[in-house]
Asker: 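Handing you this structure, nothing more for now.
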2 protein chains.
Amino acid sequence: MSPQRRSGLGTNQEAIRRHNLGTVLRHVHGAGEMSRAELTSLMGLNRSTIAGLVGELESLGITERADPAEGVRQGAGRPSAGVRIAADGPYVIAVDLGVDRAVVARVGLGGRILQRSQAPVHSDGEAWQVGAAVAALIRTVVEDAPAASPLVGIGISVPGLVRRNDGLIRLAPNLEWHDVSFGGIVLAALGLDVPVCLANDADLGALAEHTRGAGVGTDELIYISGNVGVGAGIITGGHRLEGAGGYAGEVGHLRFNPQGRPCHCGNLGCWETEVGAHAIASAIACPPDKVVQLGEVLESFGKPSPALRATGTALGQGLASLVNAFNPRMVILGGYFRSLYLLVGREVDAGLAERALPAPLESVTLALPGLGADSSLLGAAEIALEPLFVDPVAALGTAIDDVRSRLAG
Amino acid sequence: MSPQRRSGLGTNQEAIRRHNLGTVLRHVHGAGEMSRAELTSLMGLNRSTIAGLVGELESLGITERADPAEGVRQGAGRPSAGVRIAADGPYVIAVDLGVDRAVVARVGLGGRILQRSQAPVHSDGEAWQVGAAVAALIRTVVEDAPAASPLVGIGISVPGLVRRNDGLIRLAPNLEWHDVSFGGIVLAALGLDVPVCLANDADLGALAEHTRGAGVGTDELIYISGNVGVGAGIITGGHRLEGAGGYAGEVGHLRFNPQGRPCHCGNLGCWETEVGAHAIASAIACPPDKVVQLGEVLESFGKPSPALRATGTALGQGLASLVNAFNPRMVILGGYFRSLYLLVGREVDAGLAERALPAPLESVTLALPGLGADSSLLGAAEIALEPLFVDPVAALGTAIDDVRSRLAG
DNA sequence: TGGATTCGTTGTCTGGTCGAACGAAAGGCG
DNA sequence: CGCCTTTCGTTCGACCAGACAACGAATCCA
């Protein structure tokens, strides 16, 4: 089992324990609650081994023992004890940085949003101002956390290009940021030192939909995020496709129509000039100040206009390129693409069928997000939780206990 | 170490042994020969553990002990014993099915081509005829194999869409094949039962270049194959990007110019209509019967014509879409793109720089294949060898000893 | 020629999982 | 209502893989 993803290293038995412990936790995290018997069959390990692993997770305060599931009796035999995420267990802070607002949530294992808060963000705000606002939201959200619960880390979803090495925001067009170290800014404003990780919002949307949304069990999927810009998050082999620098999935600037409109990137006829928010807004005569809420504008739309139908066709045709290139099993239409698909789904399907090759086309389905507008937020939580699944003991070692008193001091 | 790629399974200690044994072999396979000391530092295991693993590989007849490397003395201390691929070790059959010829080789661990043979293939040949021809080449190539050497499997590179589940050739446009079970055909013609695996030629080119070509150590790369059609093989996180059905990388039909020429896929202005073999052939007035050797035709080309320079620009502009979508560290120009790049590299670079986003552009380099025309062939060998790196003992268990006498009977 | 360094080899130890045995908790049935 | 069957939790010993320490071997260097 488990061919290495990190290349070439050998495996010793401490690594086994870490890996198995993390895998148990990953399963419980995915399902919310499950029985030990399910764990044994899922992981292919011995009953006694699972017992040991579960016992260690309980003694770490991560999970707690649950009574056998009352609802489902599935035959004879002694019912298996349940494993459940502990109420006072570790949690993370998830931040979804949007163009016009920031959402901050305290998220526990299992993907439960324990507390959330949000505030508007001025699109011409300096990074340090936004960082201060986010830090204030974090303080709010942490306020009612149980003192026993450790904070594992902070995950931040960014509408822009994020370098994978260090989390530097290389470019966030709609915030007009260049080379901003936003993670450091937030930590400084908090006066705290916890692991922070940043990633692109579409990448995180894909991750969250894969973990607990419409794409559970689908190891090859693409999440198309329609915010002001157009981006894609790609899951391949069950893992995020990040690319060399972390910029993979910038599909908004695929060449679509070289005789088309100018794009802010400097070229003509990028896909984004046809299906981006500004393009759609002008197609439906949406006032410029409402472009950031394009999804809601589209919701209140009655009958699609010809221009909107043409946009749907262009969306489908562009998706065809992605389907040909990536051959996903599922394409999830996030952001305002969700509303758009509800209006002109037929045109999208037709545009896709028109230009995709038969073989990849027959195995792909278009889907709507299963997490609504929270995809990126929950994805941010996922990357912050990730260390727990790699090595629960080490992750708890670097976690911070009693955050509230530290923030007060 | 080694977070699982196959999801969810637990790890027991038999798995450790298999994994470590396979990893040692993978390293030796990659380097050809290396010292035990290098293995210990690369894998992070103890000296004695490496000794045990190497000893097992030797007793399996896969590797043999080599004297300490004579050439390189790197300081004081007792020189470390070498580990080398055994001369009579296991081997595989690699098949590169081209549009006009088939190449068959016997390839040992370390990627050494031990014997090769090839024959022309008629482009209107039926699949069973081609299969019989390939089987005859295999018999030739196996003839001089040592009787002690086991045959591990057969890998076949196909210019078309191959389904990953079962290796069915869904479509090979230039052979005019639809839904051909070529693996079964070859096995039937041989009268042998060994593991066969088929994959797309561009995918295999990428794999081979990543393992032992221009892309060694580069875990994010794209190999663009210019045969008659245009395809891409993608390596991401050090692994092949296959997609849900195995069809990922069909970039020849990316939308390039919707006002362009008709493509055989039924659409207008696919990238392939600008940079495909037929497009280039008409740009340089190459006779139709020489299209399949377009690379060699381009080699003998003096000064690039304006039309050829425009093709170079189109190549670069299309690559920009790939760079934006995948953010690779390296793009390898295989097939006739190699010759094309030697002629109009400046235009390719300019087209790429024109349309790629700055962030992904700055981390990408264009490169020529390090394996010449053998990329796909060696990639076919790699996938056939792969079981040895997952579990050497099991792979040798299903291997066939003394193939020659079996083929005679 | 002797010391330092690095490596191979051997034996012992530690740690993780497996397997068998036993008791516990449920369902099914007469 | 009692008993059997089934499934699970728990405990204990066995097994196996890798780590570690000690020793000898091979090389370089002064």
Side-chain angles (χ1 to χ4, degrees), chain A residues 1-2 4 9-24 34-59 63-84 391-393, chain B residues 1-2 4 9-24 34-59 63-84 391-393:
Chain A
M1 331 289 144
S2 79
Q4 76 279 10
L9 280 168
T11 306
N12 53 22
Q13 359 197 54
E14 300 169 29
I16 290 197
R17 184 68 173 185
R18 281 200 297 271
H19 174 243
N20 284 347
L21 207 57
T23 304
V24 168
M34 62 197 318
S35 69
R36 293 198 199 178
E38 291 175 275
L39 282 172
T40 57
S41 67
L42 254 66
M43 293 182 59
L45 298 182
N46 195 289
R47 277 211 302 273
S48 54
T49 307
I50 293 291
L53 293 168
V54 168
E56 183 162 353
L57 285 180
E58 283 172 8
S59 72
T63 63
E64 58 191 18
R65 182 166 186 155
D67 288 332
E70 305 262 331
V72 196
R73 286 275 182 276
Q74 69 278 27
R78 174 177 176 174
S80 183
V83 185
R84 182 208 300 153
D391 187 348
V393 179
Chain B
M1 329 294 142
S2 79
Q4 77 278 14
L9 281 168
T11 307
N12 53 22
Q13 7 197 47
E14 302 174 31
I16 290 197
R17 185 68 175 185
R18 280 200 298 270
H19 174 242
N20 285 346
L21 207 58
T23 305
V24 168
M34 61 196 317
S35 69
R36 293 197 198 179
E38 292 174 274
L39 282 171
T40 58
S41 67
L42 253 66
M43 293 183 60
L45 298 181
N46 195 285
R47 277 211 303 271
S48 55
T49 307
I50 293 291
L53 293 168
V54 168
E56 184 163 353
L57 285 180
E58 283 172 8
S59 72
T63 64
E64 58 190 18
R65 182 165 185 153
D67 288 331
E70 305 263 333
V72 196
R73 287 275 182 275
Q74 69 278 30
R78 174 176 176 175
S80 184
V83 185
R84 180 209 300 154
D391 186 348
V393 180

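What you see is a predicted model, and the numbers here were worked out from it, not measured in a lab.
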Asker: Of all the choices, dG15(C), dT5(C), dT9(C), which nucleotide is nearest to the side chain of Q13(B) once you look at every atom?
Answerer: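 Looking only at side-chain atoms, Q13(B) lies closest to dG15(C).
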Asker: What nucleotide, of dG19(C), dT27(D), dG18(D), holds the atom closest to the side chain of N20(B)?
Answerer: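 Among the listed nucleotides, the one closest to the side chain of N20(B) is dG18(D).
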Asker: Which whole-number value in Å describes the distance from M43(B) CE to dG18(D) C1'?
Answerer: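 Whole-Å distance recorded here is 11 Å.
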Asker: Looking at N46(B), does any N or O in its side chain come under 4.0 Å of the phosphate oxygens OP1/OP2 on dG18(D)?
Answerer: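 It does not, given that no N or O in the side chain of N46(B) lies less than 4.0 Å from OP1 or OP2 of dG18(D).
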Asker: Between dG16(C) atom P and L53(A) atom CG, what is the distance in whole Å?
Answerer: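 In whole Å, dG16(C) P lies 10 Å from L53(A) CG.
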Asker: E14(B) has an atom CD; how far is it from atom P of dG16(C), in whole Å?
Answerer: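 Taking CD of E14(B) and P of dG16(C), I get 18 Å after rounding.
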Asker: Provide, to the nearest angstrom, the distance between the CZ atom belonging to R36(B) and the C1' atom belonging to dA25(D).
Answerer: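 One finds 13 Å between C1' of dA25(D) and CZ of R36(B), rounded.
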Asker: Reading DNA chain D from 5' onward, which residue's closest nucleotide shows up sooner: G77(A) or R65(A)?
Answerer: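 Upstream on the strand: G77(A).
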Asker: Which value, rounded to the nearest 0.5 Å, describes the distance between I16(A) atom CD1 and H19(A) atom NE2?
Answerer: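 Nearest 0.5 Å value for the CD1-NE2 distance: 9.5 Å.
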Asker: Using OP1 and OP2 only, check whether a side-chain N or O of R17(A) sits under 4.0 Å from dT17(C).
Answerer: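 Result: yes.
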Asker: Please give, in whole Å, the distance from dT17(C) C1' to N12(B) CG?
Answerer: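 It is 7 Å, rounded to the nearest whole Å.
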Asker: Counting just side-chain N and O atoms, does T49(B) come under 4.0 Å of either OP1 or OP2 of dA19(D)?
Answerer: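 It does, given that an N or O in the side chain of T49(B) lies less than 4.0 Å from OP1 or OP2 of dA19(D).
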Asker: Please state how far atom CG in L45(A) lies from atom P in dC8(D), giving the value in whole angstrom units.
Answerer: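 Nearest whole value for this atom pair: 15 Å.
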Asker: When rounded to the nearest 0.5 angstrom, what is the spacing between CE in M43(A) and OG1 in T11(B)?
Answerer: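 Taking CE in M43(A) and OG1 in T11(B), the distance rounds to 7.5 Å.
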Asker: Within this structure, what is the CD-CG distance for the pair E14(B) and D391(B), rounded to the nearest 0.5 Å?
Answerer: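 The distance works out to 10.0 Å.
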Asker: I need the L39(B) CG to T49(B) OG1 distance, nearest 0.5 Å.
Answerer: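 Atom-to-atom, L39(B):CG and T49(B):OG1 are 12.0 Å apart.
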Asker: Which distance, rounded to the nearest 0.5 Å, do you find between the CZ of R47(B) and the CD1 of I50(B)?
Answerer: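 Those atoms lie 11.5 Å apart.
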Asker: Specify the residue among S48(B) and T40(A) whose closest nucleotide of DNA chain D lies further upstream toward the 5′ end.
Answerer: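 Between the two, 5'-proximity favours T40(A).
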Asker: Of the nucleotides dT17(C), dA26(C), dC8(D), which has the atom closest to the S80(A) side chain?
Answerer: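 Closest nucleotide to the S80(A) side chain: dC8(D).
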Asker: Starting the side chain at C-beta, find the nucleotide from dT17(C), dC7(C), dT5(C) nearest to R47(B).
Answerer: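 From the listed options, dC7(C) comes nearest.
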Asker: Counting only side-chain heavy atoms from C-beta out, which of dG9(D), dG18(D), dT17(C) sits nearest to R78(A)?
Answerer: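 Nearest to the side chain of R78(A) among the choices is dG9(D).
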Asker: dT7(D) P sits how many Å from E38(A) CD, rounded?
Answerer: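 From E38(A) CD to dT7(D) P: 15 Å.
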Asker: CD1 of I50(A) versus P of dG19(C): gap in Å, rounded?
Answerer: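 For the pair I50(A) CD1 and dG19(C) P, the rounded distance is 14 Å.
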Asker: Given dG8(C), dC18(C), dC8(D), which nucleotide is nearest the side-chain atoms of A37(A)?
Answerer: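 So the side chain of A37(A) is nearest to dC8(D).
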